[in-house]
Amino acid sequence: MRRLGSTRRTGRTRRRVTAAAACAAALAALTVVPAQAHEQRRMPHWELKDTGTPEVRFRGLAAVSRNTAWAAGTGGTVLRTTDGGATWRNVSPPGAAELQFRDVEAFDARRAVVLAIGEGEASRVYRTDDGGATWTESFRNTDPKAFYDCLAFFDARHGLAMSDPVDGRFRILSTGDGGRTWKVLPDAGMPAAQEGEAGFAASGQCLVTSGPKDVWLATGGAARARVLHSADRGHTWTATDTALPAGDPARGVFALAFRDRAHGLAVGGDFRPDQPSPKAAARTSDGGRTWRPAATPPPAYRSGVAWLPHSRTAALAVGPTGTDLTADGGRTWRTVDTGSYDTVDCPPDRGCWAAGEKGRVARLEH
């Protein structure tokens, strides 16, 4: 589950905000060049962790803390670490080798929910309560027109999953018992989808929450790249256009991050490596009612985004060509690393993690 840090002005929070600001400032100076390699080790940087799975692409990531993280990917693979990435345990559900896991939401080191994507019965949800020693399949899609993309939880009990449009509207799946059972919500409160509109199962961040009831859904593939918002746990929605690249099945909003119910970031572009992605980031300060394009966006397509914990202005965006940092709430972005990652997640203890192709999982080291 994407966790948000407190913004109460206590002494502890002021220290955390100061630490996050220092981290952001150090990251801003991180541009990687060989002559500065020895200096890089003294500043925050991604440190790759050996997962032993070079054949797997991890697009699902749940960072519980600096020590505990879950990664989900191709070949039905789920990994878990509880020692900061020094060792990884393969906790994949049995019989899942043909599935594509694209999202994982973890509550702690023992409880997690993973989503497999695909048409018809390929879309499934599994839950574990014992660290992946055993799994229960809690949902299997039986509608051939549905294709589930992302999961998100409000708390340890209430969560949603979203499917590409079915009969002209995005489909929302709801749970009230931590993912043990699911039901399809009525779609009367869902705006009509555009022709060709869908979600992108690229990072597990096309559906995100903040607080007990607010949830946002990212779209692409149509004439306009949109963000949909619900303030009642998915029963009614409003849609807002963004300035991110659109007008093609490969373009749109790929990931969202909200640090509270008002302030959010959107990243995306065109995922084809031979296509440019201008205006690949936007920000909102009114809960998604309006979106303003970044003055200096990331230089290329980005598939994942996360706020640095306990910061009001710093966030990271990742994609196949690098990592970008904003220190001003999404107005400007600067590339700070050139490694390939698909998704990023930052728990409250500043233990940011990233994951992607060729078994790559990294932790932000200070």
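Quick caveat, the model's predicted, so the values are computed rather than measured. Both backbone and side-chain heavy atoms feed into the values below; hydrogens, waters and symmetry mates do not.
With hydrogens and angles disregarded, no donor-acceptor distance shorter than 3.5 Å links the side chain of Thr175 to the backbone of Gly159. With hydrogens and angles disregarded, no donor-acceptor distance shorter than 3.5 Å links the side chain of Glu55 to the backbone of Lys358. A distance-only check finds a donor-acceptor pair linking the side chain of Ser230 to the backbone of Thr236 [under 3.5 Å]. At least one donor-acceptor pair closer than 3.5 Å links the side chain of Arg233 to the backbone N or O of Pro212. A donor-acceptor contact shorter than 3.5 Å links the side chain of Thr326 to the backbone of Thr332. With hydrogens and angles ignored, the 3.5 Å screen pairs no side-chain donor or acceptor of Arg292 with any backbone N or O of Thr284. A donor-acceptor contact shorter than 3.5 Å is absent between the side chain of Thr323 and the backbone of Val318. Between the side chain of Ser277 and the backbone N or O of Ala280, no donor-acceptor pair lies under 3.5 Å. The backbone N or O of Glu105 sits nowhere less than 3.5 Å from a side-chain atom of Trp70 that would complete a donor-acceptor pair.
Under a hydrophobic clustering in which Ile, Leu, Val, Met, Phe, Trp and Tyr are joined whenever their side-chain heavy atoms come within less than 4.5 Å, directly or via other members, Leu115 and Leu173 fall into the same cluster. Hydrophobic clustering (side-chain heavy atoms under 4.5 Å, transitive across Ile, Leu, Val, Met, Phe, Trp, Tyr) keeps Phe254 apart from Leu207. Under the 4.5 Å side-chain heavy-atom criterion for ILVMFWY residues, no single connected hydrophobic cluster contains both Tyr341 and Phe200. Hydrophobic clustering places Val336 together with Val344 (ILVMFWY residues linked when any side-chain heavy atoms are closer than 4.5 Å, directly or through intermediates).
At least one side-chain heavy atom of Arg80 sits under 4.5 Å from a side-chain heavy atom of Arg89. Between Phe147 and Asn141 the shortest side-chain heavy-atom distance does not fall below 4.5 Å. Inter-residue side-chain proximity for Pro320 and Tyr301 is flagged as met; some heavy-atom pair is nearer than 4.5 Å. No side-chain heavy atom of Trp237 sits under 4.5 Å from any side-chain heavy atom of Phe170. Put simply, the side chain of Gln194 reaches to within 4.5 Å of the side chain of Arg226, judged on heavy atoms. Proximity of Phe154 to Val215: side-chain heavy atoms (C-beta onward) are separated by under 4.5 Å at one or more points. Side-chain contact between Arg127 and Val125: absent, with no pair of heavy atoms (C-beta onward) separated by less than 4.5 Å. Counting heavy atoms from C-beta on, the side chains of Leu217 and Val227 never come closer than 4.5 Å.
Arg261 pairs with exactly one of Asp214, Thr209, Asp286 by the side chain to side chain contact (heavy atoms under 4.5 Å, CB included) rule, that one being Asp214. When the options Thr128, Thr136, Val78 are evaluated for a side chain to side chain contact (heavy atoms under 4.5 Å, CB included) with Pro93, the one that passes is Val78.
Put simply, OG on Ser163 and CD1 on Ile117 are 11.0 Å apart, with the number rounded to the nearest 0.5 Å. Taking OG1 of Thr313 as the reference point, atom CZ of Arg331 lies at 9.0 Å (rounded to 0.5 Å). Residue Leu48 holds its CG atom at 12.5 Å from CZ of Arg363, rounded to the nearest 0.5 Å. Distance check: Arg283 CZ to Asp328 CG gives 7.5 Å after rounding to the nearest 0.5 Å. A distance of 4.5 Å separates CG in Asp342 from OG in Ser303, rounded to the nearest 0.5 Å.
Taking 4.0 Å as the cut-off between side-chain N and carboxylate O, Asp177 and Arg157 do not count as a salt-bridged pair. Salt bridge absent: Asp130 and Arg110 never bring a charged side-chain N and a carboxylate O closer than 4.0 Å. Classification of Arg171 and Asp164 as a salt-bridged pair fails, no side-chain N sitting under 4.0 Å from a carboxylate O. A salt bridge links Arg224 and Asp241; the closest N-O separation between the charged side-chain nitrogens and carboxylate oxygens is under 4.0 Å. Under 4.0 Å is where a charged nitrogen must lie from a carboxylate oxygen, and between Asp324 and Arg302 at least one such pair does. Look at Arg102 and Asp149 and you find no salt bridge, because none of the NZ, NE, NH1 or NH2 atoms lies under 4.0 Å from a carboxylate O. A salt bridge links Arg66 and Glu365; the closest N-O separation between the charged side-chain nitrogens and carboxylate oxygens is under 4.0 Å. At a threshold of 4.0 Å, the pair Glu137-Arg140 counts as salt-bridged, since one of the basic side-chain nitrogens sits closer than that to a carboxylate oxygen.
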Test log, rule side chain to side chain contact (heavy atoms under 4.5 Å, CB included), inputs Thr338 and Thr321: CA-CA 6 Å; Thr338 56; Thr321 62; over 6 Å; no

Chi angles and distances behind the side chain to side chain contact (heavy atoms under 4.5 Å, CB included) call for Arg59, Arg57: CA-CA 6 Å; Arg59 294 185 182 271; Arg57 186 163 196 163; 3.4 Å; yes

Side chain to side chain contact (heavy atoms under 4.5 Å, CB included) evaluation trace for Thr51 with Arg360: CA-CA 7 Å; Thr51 64; Arg360 289 169 60 89; over 6 Å; no

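Side-chain contact of Asn67 with Ser65: a donor-acceptor pair under 3.5 Å is absent, judged by distance alone. No side-chain N or O of Thr74 forms a donor-acceptor pair with one of Gln100 less than 3.5 Å apart. Checked by atom type, the side-chain pair Asp232/His235 shows no donor-acceptor distance below 3.5 Å. Looking at Thr335 and Asp337, their side chains never bring a donor and an acceptor atom within 3.5 Å of each other. Side-chain contact annotation: Ser138 with Trp182, donor-acceptor N/O pair under 3.5 Å present. If you check the side chains of Trp291 and Thr240, you find no donor sitting under 3.5 Å from an acceptor.
The stretch residues 265-325 participates, sequence neighbours left out, in no disulfide bond (SG atoms under 2.5 Å apart) pair at all.
Classification of the Trp88-Trp353 ring pair by plane angle, with boundaries at 30° and 60°, yields perpendicular. Under the 30°/60° scheme for interplanar angles, the aromatic rings of Tyr126 and Phe101 are found to stand perpendicular. Using cut-offs of 30° and 60° on the angle between ring planes, the pair Trp216 and His229 is parallel.
Qualifying ring-ring contact (aromatic ring centres under 6.0 Å, His included) partners for Phe139, counting only residues two or more places apart in sequence or in other chains: Tyr148.
Smallest separation of non-hydrogen atoms from Thr68 and Thr82: OG1-CA, 3.9 Å. Nearest approach of Leu265 to Gly330, heavy atoms of both residues: CD2-CA, 3.8 Å. Closest approach of Gly304 to Ala255, counting heavy atoms only: CA-CB, 3.8 Å. The two residues Met162 and Gly199 make their nearest non-hydrogen contact at CE-CA, 4.3 Å. For Ala281 against Pro297, the heavy-atom pair with the smallest separation is N-CB, 4.3 Å. Closest approach of Ala246 to Ala225, counting heavy atoms only: CB-N, 3.5 Å.
In this structure, Glu119 places its CD atom where only 12 or fewer heavy-atom neighbours from other residues, nucleotides or ligands lie under 6.0 Å away.
Relative to the six-membered ring of Phe271, Arg251 misses at least one condition, a distance below 6.0 Å or an angle of at most 45° to the axis.
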